[in-house]
Protein chains: 2
Amino acid sequence: MSESEMKNETRERLLDAAEGLFAEKGFEAVSLRDITRTAGANVASVNYHFGSKEGLINEVMKRHALPVNEERVRRLEGLLEGEARPEVREVIEAFLDPLIERITEADERRRLFGRFMGRVTGEEAKGIPSEMVPAFTKMMKLTVAAFQRALPGLSTEETLCRIKFCFAVMTQALLRDEVFEQITERKLAAWEPEKIYQEVLVFCTGGMAEQEGKA
Amino acid sequence: MSESEMKNETRERLLDAAEGLFAEKGFEAVSLRDITRTAGANVASVNYHFGSKEGLINEVMKRHALPVNEERVRRLEGLLEGEARPEVREVIEAFLDPLIERITEADERRRLFGRFMGRVTGEEAKGIPSEMVPAFTKMMKLTVAAFQRALPGLSTEETLCRIKFCFAVMTQALLRDEVFEQITERKLAAWEPEKIYQEVLVFCTGGMAEQEGKA
DNA sequence: CCCCTTGTCAAACAATCGTTTGAAACACGA
DNA sequence: TCGTGTTTCAAACGATTGTTTGACAAGGGG
């Protein structure tokens, strides 16, 4: 009866295998047979445990995206609870740090999560699972509110547009870009992740704060 | 004999249909039968004219990417020919404008090119066609040189990293992001492209110029 | 003992994919 | 008119996809 420990074992192995393969090759490029072979399970097991391939994708997404989202909400609410105007840098850190922390955890299983999340955006996916929409919408509202308090000069559209750019930068930083590596002759290949995260923070801070010299 | 006008007609229709469908749904999600049905041609025509589906993809990429690249090279060389230090904004415009100009051309056939180019990065594509690599490498070297002259304080790695972020922002600005639209409740849906391009320029300029307050 | 649930497995399912084939239809100079 | 090379087409190819089926084993509770 205790649901906490008696988690089905093959179910977990399927999730781990799927997460790794999806992060490496994308959703469409990985077949159920690739996943089940890696997990040492039968082809039918995916449909048994998750109903369909899409159900498996949704479950992999939820496994880590929801905790990251909750942490972001917590930190953004912390920035907004007082009357003080937060720094742009603080707002960006509030939704960059939770992602980075989860990626750099020692847990081997979570190492690929970053690249997996990079896949979510830009893929032909039908979207995120519907159960996640309210949580993500709430997080986004808090993000907009925090940025608008930090940058009172920006309109809502400008703020949203730049937030989208921040997400783009974070996503691109997590994924490997074969084309870019090729045409830069791999000069950037072996950079420590910490330096890249630092660059993400600097770039987004600078891009957000720019007041497009209207004077 | 005159190759200029006697361009095979179905060949052009295949390229047009492929460009539009790829821009809309991505490379893998579009089948040869989708393309040939749209173009009013036979399934075998793709393999006849382009050898394979990959050959078609490469041809679509080359059709517009090479002219954009040449224009970028021309403008970057213009910035570098003198001794003067170019503005960060000028460098960004030098490789943003050629793309925007081609997108906003009246020619209906080229309207979807932007979204198509967005697909190139991030997809599981094996990379760009090998014939394009030298031209792209040259353009990238010029870009790095121009930025390093505009921002002497940055190391090569920092410069490359931020250039990658600029590409990420441009790509994301060209593509629709269903997930983002959903969790922002489509507040940003109907923004004029000109405003978005302006935001891209502002954001990239600010992100590039930031000197990460090392003091 | 039987019954029912839960899980696994090999096998087959129908659908779709990119590609190939071989024969027609066409164009055009000799 | 013939011959030759180019282009189109219906049909089929083999491979792979996600999904379903039905049998089988293990595990308790009655």
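All chains are named by letter (A, B, ...) in the order of the sequence lines, taking the proteins before the strands, and each is independently numbered beginning at 1.
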- Item | B/Asn58 side-chain N/O to B/Gly55 backbone N/O, donor-acceptor pair under 3.5 Å |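 Checked: no pair found.
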- Is it true that a side-chain atom of A/Asn47 and a backbone atom of A/Ala44 form a donor plus acceptor pair closer than 3.5 Å?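 Answer holds: no.
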Over all heavy atoms of both residues, which pair between [X] and [Y] is shortest? Give the atoms and the distance, please.
X: A/Ala18; Y: A/Val60; result: CB-CG2, 4.1 Å
X: A/Met208; Y: A/Ile92; result: CG-CD1, 4.3 Å
X: A/Ile163; Y: A/Thr143; result: CD1-CG2, 3.9 Å

- Task: List for me each residue that meets ring-ring contact (aromatic ring centres under 6.0 Å, His included) alongside A/Phe165, sequence neighbours excluded, and say none if there are none.
- Result: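 Partners of A/Phe165 by the ring-ring contact (aromatic ring centres under 6.0 Å, His included) criterion, ordered by chain and then number, come out as B/Phe203.
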- Query: By ring-ring contact (aromatic ring centres under 6.0 Å, His included), which residues pair with B/Phe167, not counting sequence neighbours?
  - Reply: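 If we apply the ring-ring contact (aromatic ring centres under 6.0 Å, His included) test to B/Phe167, skipping adjacent residues, the hits are B/Phe95.
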Would you tabulate the pairs of protein nitrogen or oxygen atoms and nucleotide nitrogen or oxygen atoms of nucleotides 7-11 of chain C closer than 3.5 angstrom?
unit_1: C/dG7; atom_1: OP1; unit_2: A/Asn8; atom_2: ND2; d: 3.3
unit_1: C/dG7; atom_1: OP2; unit_2: A/Tyr48; atom_2: OH; d: 3.0
unit_1: C/dT8; atom_1: OP1; unit_2: A/Thr10; atom_2: OG1; d: 2.5
unit_1: C/dT8; atom_1: OP2; unit_2: A/Thr10; atom_2: OG1; d: 3.1
unit_1: C/dT8; atom_1: OP2; unit_2: A/His49; atom_2: NE2; d: 2.8
unit_1: C/dA10; atom_1: OP2; unit_2: A/Asn42; atom_2: ND2; d: 3.2
unit_1: C/dA10; atom_1: N7; unit_2: A/Asn42; atom_2: ND2; d: 3.2

Length of the [atom1]-[atom2] vector between [X] and [N], whole Å:
X: B/Asn47; N: C/dT20; atom1: CG; atom2: P; answer: 6 Å
X: A/Leu32; N: C/dA15; atom1: CG; atom2: C1'; answer: 15 Å
X: B/Lys25; N: C/dT16; atom1: NZ; atom2: C1'; answer: 15 Å
X: B/Leu21; N: C/dC17; atom1: CG; atom2: P; answer: 12 Å

- Message: Check A/Asp97 with A/Arg75, please: is the shortest side-chain N to carboxylate O separation under 4.0 Å?
- Response: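 Between A/Asp97 and A/Arg75 there is a salt bridge, with a charged N closer than 4.0 Å to a carboxylate O.
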- Does a salt bridge link A/Arg11 with A/Glu59, judged by any charged N lying under 4.0 Å from a carboxylate O?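 Result for this pair is yes, salt bridge flagged.
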- Bend angle of the helix from C/dC2-D/dG29 to C/dA30-D/dT1, end axes from five pairs each (to 10°):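 About 20° separates the two local helix axes.
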- Query: Which nucleotide span of DNA chain D, 5' end to 3' end, has atoms closer than 4.0 Å to non-hydrogen atoms of chain A?
  - Reply: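 Counting from the 5' end, contacts occupy D/dT17 to D/dT21.
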- Looking at OG1 of A/Thr10 and NE2 of A/His49, how far apart are the two atoms once the value is rounded to the nearest 0.5 Å?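 Reported value, rounded in 0.5 Å steps: 3.5 Å.
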- Name all residues meeting the side-chain contact (heavy atoms from CB on, under 4.5 Å) criterion together with A/Ser155; count only those two or more places apart in sequence or in a different chain, and write none if there are none.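 Here the qualifying residues are A/Glu157, A/Glu158.
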- Can you tell me if the side-chain N/O atoms of B/Ser31 get under 4.0 Å from OP1 or OP2 in C/dT16?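 Indeed not, no polar side-chain atom of B/Ser31 lies that close.
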